[in-house]
Amino acid sequence: MTIKKTLLASAVGAAMTAAAIAPAAQAETTLSMAYDADPVSLDIHEQLSGGILQLSHMTFDPLVRWNQDLEFAPRLATDWEQVDDTTLRMTLREGVEFHSGNAFTADDVVWTVERLKRSPDFKAIFAPIDSVTAVDEHTVEFTTEKPYPLLLNLATYIFPMDSQFYSGEDADGDPKDEIVKNGNSYASRHLSGTGPFEVTERQQGVRVVFERNDDYWDEESPGNVDEIVMTPISENATRVAALLSGDVDFIAPVPPNDLERIRNDDDTQLVTMSGTRIILFHMNQERVEAFQDPRVRQAFAYAINQEGIADRLMKGFATPAAQMSPQGYAGHVDGLEPRYDVERAKELMAEAGYEDGFEITMMAPNNRYVNDAKIAQAVAAMLARINVTVDLKTLPKAQYWGEYDDRVADMMMIGWHADTEDSANLHEYLTACPDADSGAGQYNAGNYCNPELDALVAEANLEVDLEARAEMLQQVEQTLHDEAAFIPLHWQDLAWASAANVNIEPIVNVMNFPYLGDLVVEEE
Amino acid sequence: MIAFLIKRLIHALLVMFVISVIAFAIQDNLGDPIQQMVGQSVPESERAALREELGLNDPFAVQYLRFAVNAVQFDFGYSYVFNEPTTDVILRHLPATLELVAASTFLIIALSIPIGVYSAIRPRAWLSRFFMGVSIIGISIPVFLTAIVLIQLFAIGVSWSPFPADTGWGAWLNDLVSTNGGMPAYGRGDPVPVFGTWETNFASLEGLTYLVLPAISLASIMLPLFIRLIRAEMLEVMQSEYVKFARAKGISLRRIYFLHALKNTMLPVITVGGVQIGTLVAYTILTETVFQWPGMGLMFLDAIERSDIPLIVTYLMIVGLIFVITNTLVDLIYGLVNPTVKLTGKPA
C-alpha cells in the first residue's frame with residue numbers, strides 16, 4: 001500500500017488516542033492514482049479537454065461547480081443574482097489566497113474571463129459574454145448582449161487565475177499570460193491557483209505530484225489527502241493490474257472487461273454512473289437519397305436494438321438512449337424509449353419502396369469510444385435484417401476525424417458530451433443545419449436540416465425562464481426523435497475504482513472530474 | 001579501419017535520409033495533429049489558423065526542405081505534445097529504454113551461454129530436454145502475453161487452492177502453487193539521478209525490483225532464440241576435426257569446451273546478437289506499453305496516437321542510428337574475435 005505513515009505517527013498513534021495526537025505528528029496521507037492520460041499542459045486555457053478540466057478542479061476552483069445531481073454549488077462565488085435580463089452579479093468569497101500568496105479579488109475574475117476570450121479552445125463558448133466588470137473587490141458583474149440562460153453553466157469553466165502571478169514577462173521576454181498551443185510558455189510550466197492542491201513536480205507522460213495547499217480556504221471540506229502522485233497509464237490491463245496489486249489507490253477509467261474482476265475483489269471498490277456522453281450514428285442524406293425519406297430513417301431506428309447493445313456488448317455499462325439529452329439535461333424527454341421492432345422496420349422499408357434494401361458504407365473509430373468498432377459491427381449486422389448491406393470500415397481515432405470532417409461514409413459514428421452540460425449544445429453541433437460560417441452543425445454528418453428547430457433552439461438560448469426554455473428544448477428533442485434525424489445508441493457509463501479505504505463515491509460525478517480536494521482516505 | 005568508419009558514416013547518413021523521407025511521406029496517413037491539440041467543439045476557423053501556423057498547409061517539398069535544413073543543424077523541431085525540442089524529449093526518455101535493454105541483454109547473455117553450452121554438451125540429459133521444450137514455448141508466446149502473465153503472477157498474485165487447505169500438506173501445496181505478488185506492476189519507481197536527465201534504476205535495490213519484470217518480458221523473446229542458436233553452433237563445433245583432435249591429445253574437457261569450442265561458437269552468435277539488439281529496441285515498444293515504462297517505446301506509441309509527427313520522425317531516425325551503430329560495433333568486435341575478417345569488405 002502506498003498510504004504511508006510516518007514512523008512517528010504510528011508510534012504515537014499506538015500509544016495515544018487519536019484526539020491526543022499533536023497536528024505535527026499526524027500521518028501523511030499519499031494518494032497514488034492512475035488516469036489513462038495526464039494533462040497536456042499546466043495552462044488550463046490551452047486545451048478544452050477532460051484532462052485539463054480534471055487538473056483545473058485539483059489546482060484551481062471554479063466560481064460555481066456542479067454537484068452530483070447536476071445542480072450548481074457555490075465555490076469562489078458565494079452568491080449570484082440576475083440583476084436584469086442581461087446582467088448577472090456575483091459575490092465572491094473573501095479571504096481566499098492563491099498558491100503564490102496573492103489575495104483573490106474581483107480583478108482576477110475579470111482578468112481570467114478576458115484571457116478565456118482569447119483562448120482558441122474556449123473563446124467560442126465564452127462569446128455570449130459581452131463584458132465583465134469588477135464592481136468592488138468582491139463583486140463582479142457579467143453582461144451579455146442578449147439574454148443568456150447559460151451564464152452559470154459558463155461559470156463552471158471560470159477558474160480564476162492569479163492575475164499578478166501571470167502578469168509581466170518571463171525570462172525569455174515573452175508575456176507570462178500568452179497562450180501557446182505548440183511551444184513553451186510560462187503558463188504551461190507554472191501554476192498558481194486557489195485550489196486544494198499545488199503542483200510540486202511534473203514530468204510529462206511520467207508523473208505529476210500534487211501537494212496539499214495548507215492555506216486552502218475550504219475548511220469545511222472533509223478532504224484529508226496530503227499528497228497526490230498521478231501517473232498516466234494508458235494500457236487498460238496495466239492500469240487495472242496496478243490497482244489490484246496495490247501499487248495505486250485510484251484508477252479511471254475502468255475498462256468494461258475488468259468491471260467484474262474489480263467488483264469481486266475485496267480490497268477494491270467500484271463506482272459506476274450513467275454518463276452524459278451520447279454515442280450515435282448519423283445517416284448522410286446528401287450521400288444516400290433514401291435517407292431523405294423519414295420512413296427509411298425510422299426503419300433504421302426500429303431495426304437497431306439499443307438495449308441489446310448496452311446489455312450484451314457493453315455488459316450493462318451503458319444506458320440505452322432514444323434521444324441525445326441524458327437525464328438531468330433541460331431537453332431530456334422522459335417518455336422516449338428505444339424503439340426496437342424489426343417487423344415495424346421492415347414495414348416502413350416496404351412503405352418507402354425499399355423492400356429489397358440497398359447498400360451503404362459505414363465508418364467508426366476503433367479506439368475512441370468504449371467498444372466502438374464492435375458496436376459498429378453489431379449495428380451493421382442488425383441492418384442486414386432489413387436487407388441493408390453495410391460496407392463497414394473502422395479506423396484509429398487519429399485518422400478517423402479527418403474522414404469524419406470530409407463525410408466520407410454514408411453512416412458515421414460520433415460520441416458527444418456537451419461542454420455546457422446543456423441540450424442546446426447537442427443540437428447546435430450534431431443536428432443543426434450545417435453552416436460553415438457560424439460553425440453550426442459542425443459535426444452533423446447526417447446533413448439533417450430543419451430550420452424550424454434551429455430557430456427554436458436560438459429562441460431557447462435567449463430564454464432566461466428555465467422552465468419555458470426546457471419545454472422548447474424538449475420539443476426539439478421530440479421532433480428529432482419523430483423524424484429519426486439520427487440513430488442514438490447509448491450514453492457511455494462512467495466507472496472509477498479505488499482501494500477499499502479510499503472513499504471515492506462522494507467525489508465523482510457525471511462530468512468525470514473527481515473533486516479530489518474533498519477525498520477522504522480512511523486509516524487502515 | 002578509418003576507411004571502414006567513413007564508409008559507415010556515409011551509410012548512416014543515407015539511412016537517416018531515407019528514413020526521414022519515408023516518415024515525412026507517410027505523415028498524411030498518421031492523422032491530423034490539430035485534432036489532438038484542440039477540443040472537439042473548437043471551430044474550424046481556429047483549426048485552420050493553427051494549421052497555417054504550424055506550416056501544415058505547405059507543399060510536401062517545402063515542408064521536407066524546411067525540416068532537412070534544420071535537421072542538418074541538429075534541430076529536429078518541436079514536439080506537438082511535449083512543446084519542447086524533440087531531441088530533448090527523446091534524450092529524456094532514452095535512459096529508461098537503454099537501461100531496460102541493458103538489463104535484458106544481461107539476462108540473455110547470463111542465461112543463454114551456460115544453458116546453450118550445457119544442452120549441447122549433454123544433449124540427452126532431462127534438463128536439456130526441459131530447456132529445449134521451454135524455449136519452444138518461449139519463442140511462440142508474444143511478449144505482450146508474457147508481460148501480462150508476469151504481472152498477474154508476481155505483481156497481483158494468484159491464490160489457488162486445489163488442495164484441502166485445512167490439512168497441513170494441503171496448505172503447503174496450495175502455498176506452493178500460489179504466488180504472493182508484491183512486485184511493482186508499472187513504471188520505474190523513484191530512479192536515482194546520476195547526471196543531467198539521466199536517472200538510473202541500477203543504483204538502488206528498489207530500482208532493480210522495478211526492472212525485473214519488464215527485463216524478463218523483453219528478454220523472453222530473444223532468450224530462447226539464443227539458447228537454441230548457441231546449442232546448435234556448439235553441437236556443430238563439437239563435431240569438428242579440431243575438437244576431436246584436441247580430445248585425442250587429452251586436453252581437459254573444460255578447456256576444450258570453454259576455450260576452443262565456445263570461441264568459435266560465438267562468432268555467428270555475435271553477428272545475430274548485433275542485429276537483435278536493434279530488434280530489442282524495437283520490442284521495447286510493446287514491453288514499455290504494458291509496464292508503463294517511461295522510455296522511448298512508450299513515448300513513440302503515444303506520439304503515434306497523437307499524430308506528433310516531428311517526434312515520430314525524430315524517433316525513427318534515432319532508432320535507425322542505433323541500428324547503424326550496433327551493426328558497426330558488431331563488425332568491429334567480429335574483427336577482434338576473428339582477425340582474419342577484413343573490415344573494408346575487400347576479399348581477403
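Values reported hereafter were calculated over all heavy atoms of this structure, with side chains retained and with hydrogens, waters and symmetry mates removed. Proteins get letters first, then strands, A, B, ... in listed order; numbering begins at 1 in each.
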field: Under 4.5 Å from any heavy atom of chain A - which part of B:Ser45
entry: neither
field: For the student: nearest non-hydrogen atoms of A:Glu235 and B:Thr289, plus distance
entry: OE1-CG2, 3.4 Å
field: Flag if over 12 foreign heavy atoms under 6.0 Å of OH, A:Tyr369
entry: yes
- prompt: Relative to chain B, which segment of A:Leu430 carries a heavy atom at a distance below 4.5 Å: side chain, backbone, both, or neither?
  reply: neither
message: Quick check: do B:Pro184 and A:Asp247 have side-chain heavy atoms less than 4.5 Å from each other?
response: yes
message: When you compare the side chain of A:Glu46 with that of B:Asn83, does any pair of heavy atoms fall below 4.5 Å?
response: yes
- prompt: For A:Asp437, is it the side chain, the backbone, both or neither that has a heavy atom under 4.5 Å from a heavy atom of chain B?
  reply: neither
- prompt: When rounded to the nearest 0.5 angstrom, what distance separates CG in A:Asp405 from CD1 in B:Ile34?
  reply: 11.5 Å
message: A side-chain contact here means heavy atoms from C-beta on lying under 4.5 Å apart; do B:Pro43 and A:Lys123 qualify?
response: no
field: Given A:Trp401, A:Tyr400, A:Tyr404, the one that forms side chain to side chain contact (heavy atoms under 4.5 Å, CB included) with B:Gln35
entry: A:Trp401
query: Is there a donor-acceptor contact under 3.5 Å from the side chain of A:Gln47 to the main chain of B:Met37?
result: yes
message: I'd like to know if the side chain of B:Gln292 reaches the main chain of A:Pro232, judged simply by a donor and an acceptor atom lying under 3.5 Å from each other, with no hydrogens or angles considered.
response: yes
field: Interchain contact, A:Ala237 with chain B, by part (heavy-atom threshold 4.5 Å)
entry: side chain
field: Proximity breakdown for B:Glu53 and chain A, heavy-atom pairs closer than 4.5 Å
entry: neither
- prompt: So which part of A:Ser234 gets closer than 4.5 Å to some heavy atom of chain B, the side chain, the backbone, both or neither?
  reply: both
field: Contact origin within A:Gln442 toward chain B - heavy atom pairs under 4.5 Å
entry: side chain
field: Check: A:Arg207 and B:Asp190 side chains under 4.5 Å, non-hydrogen atoms
entry: yes
Contact origin within A:Arg368 toward chain B - heavy atom pairs under 4.5 Å: neither
- line: Residue from B:Leu301, B:Leu54, B:Val290 scoring the most non-hydrogen pairs under 4.5 Å with chain A is B:Val290
message: For A:Pro396, which atoms come within 4.5 Å of any heavy atom of chain B: side chain, backbone, both, or neither?
response: neither
- prompt: By a 4.5 Å heavy-atom criterion (distance strictly below it), what part of B:Arg47 contacts chain A: side chain, backbone, both, or neither?
  reply: side chain
- line: Scanning both residues in full, the closest heavy-atom pair of B:Pro294 with A:Val206 reads CB-CG2, 3.6 Å
field: Which atoms of B:Met183 approach chain A - backbone, side chain, both or neither, heavy atom under 4.5 Å
entry: backbone
task: Select, from A:Asn367, A:Leu48, A:Asp121, the one with the greatest count of heavy-atom pairs under 4.5 Å involving chain B.
output: A:Asp121
query: What parts of residues 303-311 of chain B touch chain A if we use heavy atoms and a cut-off under 4.5 Å?
result: B:Ile304, B:Glu305, B:Arg306, B:Ser307
field: A:Ala124, part contacting chain B, at a heavy-atom distance under 4.5 Å
entry: side chain
statement: Shortest non-hydrogen pair, B:Ala185 vs A:Ser245, comes out as CB-OG, 3.6 Å
Student check: side-chain heavy atoms of B:Tyr186 and A:Val248 closer than 4.5 Å: yes
message: If I compare all heavy atoms of B:Val81 with all of A:Gln204, which pair ends up nearest, and what's the gap?
response: O-NE2, 3.3 Å
- request: Go through A:Pro120, A:Ser188, A:Gly402 and name the one with the most non-hydrogen pairs under 4.5 angstrom from chain B.
  value: A:Pro120
message: What part of B:Phe144 gets within 4.5 angstrom of chain A, counting heavy atoms only: side chain, backbone, both, or neither?
response: side chain
- request: Please flag which part of A:Asn236 lies under 4.5 Å from any non-hydrogen atom of chain B: side chain, backbone, both or neither.
  value: neither
